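Some notes on the structure that comes next.
In this text, all values refer to a predicted model and were calculated from it rather than measured experimentally.
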Amino acid sequence: MPSLADKRATAEFSCTACNGPFYSQGLETYRVPMALYELNRARLVEAMVSKLGKTDTGIVLFQGGKQTTRYDTDHEPVFRQESYFHWAFGVSEADIYGAISLPSGNATLFVPQRGIDFEIFCGKDPSCDMVQEKYGLEEVLPLEQLAEYVNSQLENPEAKLHLLSGLNTDSGNMAMPARYDGIDKHASKMDIESLFSCIAELRVFKTKAEVDVMRYTNWVSSMAHAEVMRACRVGMVEYQLESLFQHHTYTHGGCRHMSYTCICACGPNPAVLHYGHAGAPNNRLLKEGDLALLDMGAEYHCYASDITCSFPVNGEFSSDQRRVYEAVLDAQVAVIACMKPGTTWTDMHRTAERAVLKGLIRTGLLVGDVEDMLAADLGGIFMPHGLGHLIGIDTHDVGGYAIGTPPRPDKPGLNKLRTARVLKEGMVLTVEPGCYFIDPLLDMAMWNPDQNKFINSERLNDFRGFGGIRLEDDVLVKADGCENLTICPRAVEEVVDVMKGGAWPPQRDMMPELRRSWVERGNGKMVRLDVAE
């Protein structure tokens, strides 16, 4: 039987060579090697052994996502796998359990065999052999054998049953431990503390194989954003922009799921940060002079992208629109220039605020010293959200405020950060500075003597109803700095050119300081694209 070290080495090689089984939507869509998940399992076992000791035995048991129905109906929404289960196994189907043996790292799936009625309506359940071949696991058993298997793995008096249980600091919801009839007999052997801290921390740091999947989702979504820019016209409705994006990412990228609800906010609507929900459903008519803020990202095999573009719907920036846009772009460039291991994310947030405030001084809206403005928390008036967040299998990925990491700050603006961690190699974070003109916040600033002294009240009226601008890229922290996985038009000249029908990607990179990683798709892989500086 291969050692854990051998398993890891084999998985790393297979990821690089794309040997063995893989996930793909066919045509030229990206091939995700199942070795990615074998590597994740090896990393998890290494972390568990390091935490608990080499003599620890037993199993880690996961329960995959369940197929749900809509309220009291029999309508089944399209299934998407539970994120921790996906990280460990890469399995697309619902209602499956998975176990990892300690300390060997051998993996076993337990799959339902549902019979003729299910087969008639949904197709025949694949055999255990077929599932084993599809996912490249050591063993696949019928779900009915789960209880017997767990019993056998816990016969050793020292063996433990490790279950997932812990708080998601973004949602406030709990990851729930696996349940099945009869599991309570092992209550004395259950450990519901060790697994969560290990796996959540591992998800913070992406392997090269995971980054390559995210490079694909960013490529698909970036090309879709460019296509939406090219098609945008006065007289369209916001939902048409959403539809174009979804069509492109599914048709050309095989992305059935979005990473989150699309935000297609035009005119004054960008001042609603999470516009696009059922109460504000992307249904405004685009008008002359409107800005569009489009926050949309596709998901491929559960790996997310999160990208925001802002542009004038008529293809031409007004002078004020351009000044605010370039202030936000300056903030993005300033942050990317500083991103490297050892940098504190709270410092990066302040860097973004500083650039936005400097830009607003250039518009004539603000007067005074930027550092005094920061001390008065004026940055939080114009950028009332955090600079960005960890991203991976979930858009707001786990580990932001894990135990042992810096706590959430309490100052305005900073208190909206989804993490305050020190950056380390392998993290992927969104960099999404913005500038918004939100009437209640502007009114609060005008009532506050510590803030209103910086504001030109006459000039402020010019920006009432302006909405807002956000630019968002997904950025990988590397040993020597960072790499921008997002390749959207960003320079004003790039945006205007694409909206006039120009090609994208371009022949020349007008903003090498954004560190965009130019790629294209080829034979199910991502290959480097030569773009001159």
Side-chain angles (χ1 to χ4, degrees), residues 80 170-171 217-218 220-232 236-250 253 255 257-287 290-299 304-313 321 324-325 328-329 331-332 352 382-391 394-397 416-418 429-441 465-474 486 488-490 495 499:
R80 194 271 196 190
D170 278 300
S171 66
T217 61
N218 270 266
V220 172
S221 296
S222 294
M223 296 304 103
H225 271 285
E227 190 63 29
V228 172
M229 283 185 191
R230 199 175 286 118
C232 182
M236 296 178 72
V237 181
E238 292 166 334
Y239 62 70
Q240 292 179 289
L241 306 181
E242 176 183 17
S243 175
L244 286 170
F245 182 88
Q246 292 176 334
H247 170 74
H248 186 97
T249 55
Y250 202 0
C255 300
H257 293 277
M258 294 293 103
S259 302
Y260 49 91
T261 301
C262 292
I263 299 170
C264 297
C266 299
N269 292 335
V272 180
L273 297 182
H274 282 177
Y275 181 81
H277 58 82
N282 294 333
N283 62 356
R284 183 181 188 275
L285 185 72
L286 277 59
K287 299 179 180 179
D290 279 358
L291 277 171
L293 185 158
L294 306 185
D295 188 339
M296 304 184 289
E299 176 182 288
S305 61
D306 188 356
I307 299 172
T308 306
C309 295
S310 298
F311 53 88
V313 300
Q321 287 173 346
V324 177
Y325 182 92
V328 176
L329 185 58
Q332 195 174 48
F382 297 100
M383 194 174 89
H385 60 73
L387 171 63
H389 50 81
L390 296 163
I391 181 171
D394 290 311
T395 305
H396 297 154
D397 217 12
K416 296 298 191 294
L417 283 170
R418 295 182 183 272
L429 301 100
T430 63
V431 177
E432 49 180 306
C435 181
Y436 314 86
F437 300 90
I438 302 171
D439 283 337
L441 294 181
F466 181 98
I469 288 173
R470 178 165 68 251
L471 299 174
E472 180 178 15
D473 292 349
D474 301 347
T486 304
C488 284
R490 287 293 181 235
V495 172
M499 294 193 73

Just verifying a value: how many Å separate Asn283 CG and Glu238 CD, rounded to the nearest 0.5 Å? 6.5 Å

Restricting to non-hydrogen atoms, name the atom on Met499 and the atom on Cys232 that form the minimum distance, rounded to 0.1 Å. CE-CB, 4.4 Å

Can you confirm whether more than 12 heavy atoms, excluding those of Tyr239, are under 6.0 Å from its OH atom? no

Going from NZ on Lys416 to NE2 on His385, what distance comes out if it is rounded to the nearest 0.5 angstrom? 11.0 Å

Heavy-atom side-chain proximity of Leu273 to Pro384 below 4.5 angstrom: yes

Without swapping roles, check the side chain of Gln240 against the backbone of Val237 for a donor-acceptor pair under 3.5 Å. yes

Using atom types as modelled and distance alone, determine if a side-chain donor or acceptor of Ser310 lies under 3.5 Å from a backbone N or O of Arg470. yes

When rounded to the nearest 0.5 angstrom, what distance separates CZ in Phe466 from CD1 in Ile438? 13.0 Å

Check: Met296 and Ser221 side chains under 4.5 Å, non-hydrogen atoms: no

Under 3.5 Å: donor-acceptor pair, side chain of Thr486, backbone of Asn218: no

With rounding to the nearest 0.5 Å, note down the distance linking SG in Cys266 to CG in Leu294. 6.0 Å

For the pair Asn282 (side chain) and Cys262 (backbone), establish whether a donor and an acceptor sit closer than 3.5 Å, ignoring hydrogens and angles. yes

With sequence neighbours left out, the residues meeting side-chain contact (heavy atoms from CB on, under 4.5 Å) with Val328 are Pro433, Cys435, Ile469, Leu471

Please examine the side chains of Leu293 and Tyr436, heavy atoms only from C-beta on, and report whether any two atoms are closer than 4.5 Å. yes

How close do Ala352 and Met383 get, counting heavy atoms only, and between which atoms? CB-CE, 4.2 Å

Sequence-distant partners of Asp473, salt bridge (charged side-chain N to carboxylate O under 4.0 Å, His left out), two or more places apart: Arg490

Do Glu227 side-chain atoms and Leu244 backbone N/O form a donor-acceptor pair below 3.5 Å? no

NE2/His277: more than 12 non-hydrogen atoms of other groups inside 6.0 Å: yes

Return yes if some donor-acceptor pair links the side-chain N/O of Ser259 with the main-chain N/O of Ala298 below 3.5 Å, else return no. yes

Find the distance between NE2 (His225) and SG (Cys488) and round it off to the nearest 0.5 Å. 5.5 Å

Do Leu291 and Val324 come within less than 4.5 Å of each other through their side chains, counting heavy atoms only? no

Ala304 backbone acceptor or donor facing Thr217 side chain under 3.5 Å: yes

Ignoring hydrogens, what is the shortest heavy-atom contact between Phe437 and Ala271? Give both atom names and the distance. O-CB, 3.8 Å

Show the nearest heavy-atom pair for residues Ala231 and Met236, with the distance to one decimal. O-SD, 3.4 Å

For Arg418, give me all partners under salt bridge (charged side-chain N to carboxylate O under 4.0 Å, His left out), at least two apart in sequence or on another chain. Asp170

Quick one: sort the His396 and His274 rings into parallel, tilted or perpendicular, breaks at 30° and 60°. parallel

Rounded to the nearest 0.5 Å, how far does CD of Glu472 lie from SG of Cys309? 9.5 Å

Validation row: Asp295, Tyr275 side chains within 4.5 angstrom (heavy atoms): no

Using side chain to side chain donor-acceptor pair (under 3.5 Å) as the criterion, point out the one residue from Thr395, Asp394, Asp306 that pairs with Tyr260. Asp306

